[in-house]
Amino acid sequence: MWKTVLRRILIMIPQLLILSLLVFILAKMMPGDPFTGMINPNSDPKEIARLRQEYGLNDPVWVQYTRWLGNMFHGDLGQSYIQKVPVTSLIWDRAVNTFWLSLMTVVLTYLIAIPLGVTAGRHQDEWQDHGVQIFNYITYAVPPFVFYILGIWLFGFTLGWFPISGSVSADVNPGTFAYFWSRFYHLILPSILCSLISTTAIVQYLRTGIVDNKVEDYVRTARSKGVPENVVFNKHILRNSLLPIAAFLGNTITGLLSGSMVIESVFSYPGMGKLFLDSIGQRDYSTLTALILLFGVLTLIGNLLSDIIMSIVDPRIRIK
Amino acid sequence: MAKDKNTSKKDQNAKTSLPPSGFKIIVREVWRDKVAFVSFCIIVAILLFTFVGSLFLNKSQVTEINIAEAYYAWGESGHVFGTDDGGRDILKLLMMGGRNSILIGLSVTVLCEGIGLLVGLFSGYFGGVTDAIIMRIVDFIQILPMFPIIIVLTTVIPNYNAGTLVWLISMFGWTGSARYFRAFVLSQREREYVLASKTSGSSNLTIIFREVLPNITSAIIIEVVLAIAGNIGIETTLSFLGYGLPTTTPSLGTLIGFANDPVNVTTRPWLWLPATILLLIISLSINYVGRALQRAGDARQREN
Amino acid sequence: MADEIIEIKNLKVHYPIRSGFWNRVTGYVKAVDGINLSIKEGETYGLIGESGSGKSTTGKAIVGVEKVTNGQILYKGVDVTKASNRKKLNYNKDVQMIFQDSMSSLNPRKRIEDIIAEPIRNFENLTTDEERKRVQELLDIVGMPSDAIYKFPHEFSGGQRQRIGVARAVATHPKLIVADEPTSALDLSVQAQVLNFMKHIQQEYNIAYLFISHDLGVVKHMSEDIAIMHRGRFVEIGKRDQIYKNPMHIYTKRLLSAIPVVDVENREQHKEDRQRVEKEFLQDQDKWYEKDGRVLPLQKVGDRHFVALPKDMIQQELKEGE
Amino acid sequence: ACGNNSNSKVDNPTKSFKSATPKKAVKKGGTVSVALESDTPFTGIFLNELSDTQNDTDAMAPANEALFDTNDTYQINDKGPATLKLDNKNKTATITVKKGVKWSDGKQVTAKDVEYSYEIIANKATKSSRYTESLQNIVGLSEYHDGKSNTISGIEMPDGDNGRTVVLHFKEMKPGMKFSGNGYFWEAAAPYHYLKDVPFNKLQSSDQVRKNPLFFGPYKMSKVVRGQAVTFVPNKYYWRGTPKLNKVTIQVLNPNSASQAIKSHKYDIAGVVNSQWKNVANTNNVNWIANIPLGYSYLGFKVGKWDAAKGENVMNKDSKMNNKSLRQAIAYGMNVSAVTKRYTNGLTFHIPTLIPKQFGKYFDKNVKGYDYNLKKGNEILDKAGYKKKGKYRVQPNGKPLTIRLAAMTGTSTQEPIIQNYIQQWKKLGLNVKLTGGRLMEMNSFYDKVQNDSKDVDMFMGAWSLSSEPSPNDLYSVKAPYNFSRFVTAKNTKLLQEMDSEKAFNTNYRVKKFHEWQKYMDDEAYVVPVSNSYSVNAVNSKITGYSLKPSAANSLWYNVGIAK
Amino acid sequence: MEKQSDLLLDIEHLHTAYRLHGKFYDAADDINLTLKRNEILAVVGESGCGKSTIASSIIGLYDHKNTKVTGDILYNELNLVNLNESLFNKIRGNNIGMIFQDPLASLNPLMKVGDQVAETLYYHTDMDEKARHARVIELFNQVGMPRPEEMYEMYPHELSGGLRQRVVIAIAIACKPEIIIADEPTTALDVTIQAQILDLLKEIQKESHSGIVLITHDLGVVAETADQVAVMYAGQIVEKADVKTIFQNPLHPYTRSLLHSMPQTDDESQDLHVIHGTVPSLVNMPRTGDRFAARIPWIPASAHEENPKIHEVEPGHFVRCTCWQSFHFQDEEKKG
Ligand SMILES: Nc1ncnc2c1ncn2[C@@H]1O[C@H](COP(=O)(O)OP(=O)(O)OP(=O)(O)O)[C@@H](O)[C@H]1O
Ligand SMILES: Nc1ncnc2c1ncn2[C@@H]1O[C@H](COP(=O)(O)OP(=O)(O)OP(=O)(O)O)[C@@H](O)[C@H]1O
Ligand SMILES: [Mg+2]
Ligand SMILES: [Mg+2]
């Protein structure tokens, strides 16, 4: 298997190169540049031109690309034009935030989705099932941001139960319990809202899995062994139905780092999604290319992880 | 003469004994399932409301700004659903917007599913190297972060409108359905009727389109129906992030996008709520119909 | 004497196994590994073997839907392993196939008329009326009511469907039909219908069959010549009686002994025989096979009777047989 | 819409605005939280010489004090941490830091600290964006920048590094030099003793700048949550005395959430988004503290091109928009007052000229600008030969006339407002289309406008101004920011006179300003559109908060909780 | 249960009906069967005649919402019909073992085969884990699996069809049940393996003295293994006797026709016998009169009983309807 994994990783390299070139060109095609935002009567246009020159933005695109690529092979993703810090440190900062938010979201998602899916599958076509389905359809059809904004309005402002922006409050010291609590407290509302609407796919897969597996022959075999019904359900039906969800896991894990543009901008949460949107708005090329590339890598790793996970949990599948 | 009569009678006969796998089973299944039937009626009603309704509207009139009438609430001055920030009538915007969004959803679906179907058919049927190459391309496109790239492209493309939006979304959307259809084709290819056709001397193209394709129609119908439901709402998220359509092109996305501003969420629900509910109803209805179709498809699967 | 209509020389079909770091071909499944066979006009050639022995692969290679790794299939003296040659000859007009699973071999979305007419449309230029007439005739031949042409496959029972499959196979008046387990999915009485029927049309149109099955009773009923296949090769070929009355290879004996016999009185006896053969088969593998488990080359032991055994053993067997 | 329960505070907000909180007795201690409204995180470069975003400036405000206090017309006075003496004859400015002005680590602010700012700004390695043409008026600065010398020859420290006096030598003296924000010299100091060990190229990412910056203002930064929040505690060495509060926190808030934050009192001080005024107007326990910032929005017409080689604007006499009547008619077609009233209840208002009222005498109140008048617009067009052909007018030469308008995205009401103007112009028979079919985001907008794109005939932009009133940077031949690219002899002459030697005479300068405003009003190359109040919701328990220019430098020293 | 009676299973008037389009249709119609210790009872018949229906009724595994079972299935005086689930769970796997047709589908793809066997032991014995493991190995030996220790760790897809079926058998016999129900245990296998599996079943039966219900449609299999045979047609038992009688003196027209259509005759040139018509589906099944009558139309209607009963024509030989007395094959007609 390790050989296979290694091979898959090798195959990723050309894919990423193409992706990086694509992204680089796209980024350069966007109107404006990092210094467009500096236009105001207090800044000297000549100075802006000078900075452009100094940052190498006047070079031909391919020169910029090869320079960027060369630096990247040395682990240097460049300096953010806007934040004026190395992109790696910037991303690292945001990735940590996003990681916690996504982790909470994922955990909650599974905590909510699995019981729902199980209920729906077990009571197929009964009222429980219909209830779950309606919930599912609603969370699927209502645009997420409407959901988030209503949530923030109700729980953040009107009821005042939760903070409404940021990742931590300003007046706590890192390392203390208060700090930890504050971070957690900031996560609760966004992660609950986010998880509520991301349950759809899992619930659906689980339900279908259970409905399908219920009538499989091996379930009949289990019953013929005299296995009690609830064990039949948990040990045989449920476990087998969880397989397709296990396949999600890989992508979910890497999704932990990509963040969600929508939730992060609604909550002004300084994560990867927000960073991405900001870097587009501010034409922060270095951050932008690094991010898209990172998203690409994460997707690839996610697919690989999914395959590995599947091959671990499902003995029938061996990754080739 | 007599023979002719005979055949025509048989033809009638044939019509009545269409296999329950076709259109009939769908109708039957939808009719039997009351929720699906009601949903179907709702869809028809919405289509009438948006498409026929829009016929009576003049686009430039609907999107005309009248600042004096901005922000009328429900029912004020004859605006049933109030007006938006430019004094445009929400009800009329809803009609046109609904139509536009449905059209966008349909076009995206047609493009994505069309390309996906072709790719899936060829890739699945020929297998081997063809399949390997196509699937690598699909893999590559799937690792592209779709939303980020769409957003970048919307800022790059000079005259960004509904058409370009459709193309942009479809550019990424087809891969999923290609994979999906390919899986079906693969399972069909295993069936011996494909071999039988080969030994009967049919060409590959004939086999793909005349033999395999009809057998995955129910999968296609289901996929397409469910995809429409998903695609109608697809521009709303873009609108939220600020990369949606211009307001001169009313759409559900631009209407729901009013919810972007919390002030509107809390104090002017008429701006975004009707569109949200309309979108919800459309999605729900299509989903319920899709479900019934899926059951019809399953029933067929069992019969096979 | 009947002429040979197809001759197979040293046919090999190997499927590559890929593995290793670069996913390179590291080995082959030798599904068919060098068989020689010739089928005569109007005769039935039976092909028997356990699951996975390569029977279907052989059949598919003959009709030209499986890529041949090596060897020749000569039809009218032309090597038809090349697709271009098949096309030139309208090969599949003359060589057709009947499949095991009648449901999956009929396109569920097509009417019977279109199913049966497919080879006619591809190989012959008939007007619509002529074509319909022909389809009606064919249905008539296979004993189906004429209104069947407007129906769909799922409206028929298994036996009927199999007959439709046969009708399609004979539509272009082929000279050879490869029948791959045509009745294994059918009930006893339905099987009888289909088998009878296949025999009838054979007599009527002088069709040759390559009849593939693992049911020895059925093969015996159908075929004059029989080949026993194992691990992609033939272990024994011969006339029906030679095989059934005087089997020489242990594998043939094993197959034969495993057939359930409707002879309640002697069933204990059968069981003992069976187990004795099984034991022999398991014990002396290298006596019967090459060291790497492959089947030995065939040796002639009688008129049209060949067996894959070393010469010395053949002598011994022959003596024992006497 | 909800006109029936008319509420004066809602409909006529400006009446309830004050520029400072009521004076009350202050109690010691307390915490104040401030919302920093921004939809992006702040950068967090806490060094005046390197920071180039307003967010950073706002985020360090309680700790950051400038060298000079000003009066309400931005004229530098002697009340601040340092004094300024201008010598026109010798072309020098002498800055003297007061004794006792100390960094928050207790060290006196020295001449070297003042001088070091210039080093940071001018040194190439720091990549500071503050190295401007105006500053190069200081003798020796560009030589230092180009590496030709190791010191800045035009900056003298007569009492040595540790003295408190710095003498700046200028190549030329400017009338604006006595005003704060003029850009001719730097108004801050950098803690040399604290920064000297940091190489210039590392400065902007160093902890000394990012995490633990040093200031001499009333508070010092105690903690920075990168991009999100800053916490301040009192600077016990502060030269004016002890600040009142125990703690100040500044936190980034999405402007979208501003109104809700105000209503729910999440922050003690928060800005009001003007279009959300109605939602917050009835909030209790807040004082509305407002001022009118220096700046305006405008409609510009493209009549030429920037010649990069020559570094100057070149007007194209034959360009489509180079027709005074057309421009005037377009200006008459804008129902600015109706729009501002509708969407902001007057918090945004129509302005007549390009010099803001806040500049006092320099503002010419006789210039009336263009009020909405379709009839007049139509007349002008008719007279000028723009005949109607079908729905729209054609150019006098008979060619069809389509005017492409570039406009930026902004607040949520920007879209209807622009569409509204387009409709008004349609009533004049003018066919106006948006460049690109929709509002452009900022980058695309400036990309097109700055590069004189063919797709732009007119554009709606906005400038925020420094406290020095001269419009030279925006409208002169040599100004790249003269996006209209109009160049006329009269304009050039007026602008030059404004900043000439003679203009040290204030009356002369005022006269020239008035002449220029009249000229610009008539020519209408750039039509002023509107300006807005900037309103802050300040918790009524807070006292000492003021938006008066004279209070700016000592603002945070004065803010406290009322007893 | 010191003294065990020889009668293991007594099925009386069993009716099993499935709900189709809202109505219940009997798929097993008045079934009377007995199974004795040391006996293999074969139930034969063509596809769809209700064989599996009987099996699932005995072991109580059917969809309770859409299936109606009435009558008695007595096991040691315990009526299994509509027995309480938890009680039934004590019996399933323990007293009654079941072997299914498709060995791949019948095994959980995600569990090691050894664990699947051990699971039965877990619910019916108080063995600890080690003991269970040992017992599984013992069972694997018993069913003739090579390298049982290794096999324990395998997953179903890693085994060949024959080995999988052995695992399924091991599951069924793990607790030495008194009754084993084998529903077409060899249909999916090829001849040599089929023979091995059948031999194995017989051995097991010999050793454990259990009773086996063997469901099949292959008359050869019946001849090789069964002691008692019940021939089914359209939901009913049409003939029941010991195996010798069935093959040597078949009476019911259906039994005779089936035997006749086997390709076992030595004269290959002759046509095989074909039974006229087709098997009726559940919904179209005639509910009155002789269900087989339609397929032997040349036998006059008067020969059939109006409501065919099953008759004991000689001791231990039961035949439904009296039509057998006047039955002859169509081509024998002339001979009279
Ligand atoms: N496409 C393929 N790729 C790889 N191996 C294959 C392929 N098709 C068949 N094989 C292998 O070739 C061998 C022969 O297969 P074949 O289908 O000819 O057997 P068969 O005798 O027809 O068996 P059965 O009685 O089960 O139909 C088997 O081991 C099979 O696994
Ligand atoms: N769950 C069910 N619901 C409805 N009808 C059923 C159900 N199960 C079986 N049947 C019908 O009952 C009849 C008897 O079915 P059963 O499975 O017992 O036949 P069988 O003799 O086992 O056939 P086979 O040899 O094909 O396994 C058939 O007509 C079948 O279609
Ligand atoms: Mg085969
Ligand atoms: Mg069955």
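Below, chains carry the letters A, B, ... as their sequence lines are ordered, and counting in each starts from 1. Computed from heavy atoms alone, side chains included, the values below leave out hydrogens, waters and symmetry copies.
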Interatomic distance, A:R239 atom CZ to E:M111 atom CE [nearest 0.5 angstrom]: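 A:R239 atom CZ to E:M111 atom CE measures 6.5 Å (nearest 0.5 Å).
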Below 4.5 Å, heavy-atom pairs only: which of E:L107, E:D102, E:I181 has the largest tally toward chain A?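 Most heavy-atom pairs within the cutoff with chain A belong to E:L107.
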What are the two closest heavy atoms between [X] and [Y], and how far apart are they?
| X | Y | value |
| --- | --- | --- |
| A:P315 | E:P109 | CG-O, 3.3 Å |
| E:L110 | A:N240 | CG-OD1, 3.1 Å |
| A:R223 | E:N89 | O-OD1, 4.4 Å |
| E:Y123 | A:P228 | CE2-CD, 3.3 Å |

Just wondering, are more than 12 heavy atoms of other shown residues or ligands nearer than 6.0 Å to [atom1] in [X]?
| X | atom1 | value |
| --- | --- | --- |
| E:K202 | NZ | yes |
| E:Y62 | OH | yes |
| E:N84 | CG | yes |
| A:Y205 | OH | no |
| A:F180 | CZ | no |

Would a distance-only check, ignoring hydrogens and angles, find a side-chain to backbone donor-acceptor pair under 3.5 Å from [X] to [Y]?
| X | Y | result |
| --- | --- | --- |
| A:T221 | E:S106 | yes |
| A:H236 | E:N108 | no |
| A:K225 | E:Q116 | yes |

Region of E:I59 that comes under 4.5 Å of a non-hydrogen atom in chain A: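 For E:I59, the side chain is the part near chain A, not the backbone.
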Side chain, backbone, both or neither: which part of E:I96 has a heavy atom under 4.5 Å from chain A?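 Contact with chain A is through the backbone of E:I96 alone.
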Below 4.5 Å, heavy-atom pairs only: which of A:V215, A:V231, A:V219 has the largest tally toward chain E?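 Top count of heavy-atom pairs under 4.5 Å with chain E: A:V231.
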Check whether any side-chain heavy atom of A:S224 lies under 4.5 Å from a side-chain heavy atom of E:F100, and answer yes or no.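 The answer is yes, as the side chains (C-beta and beyond) meet within the 4.5 Å cut-off.
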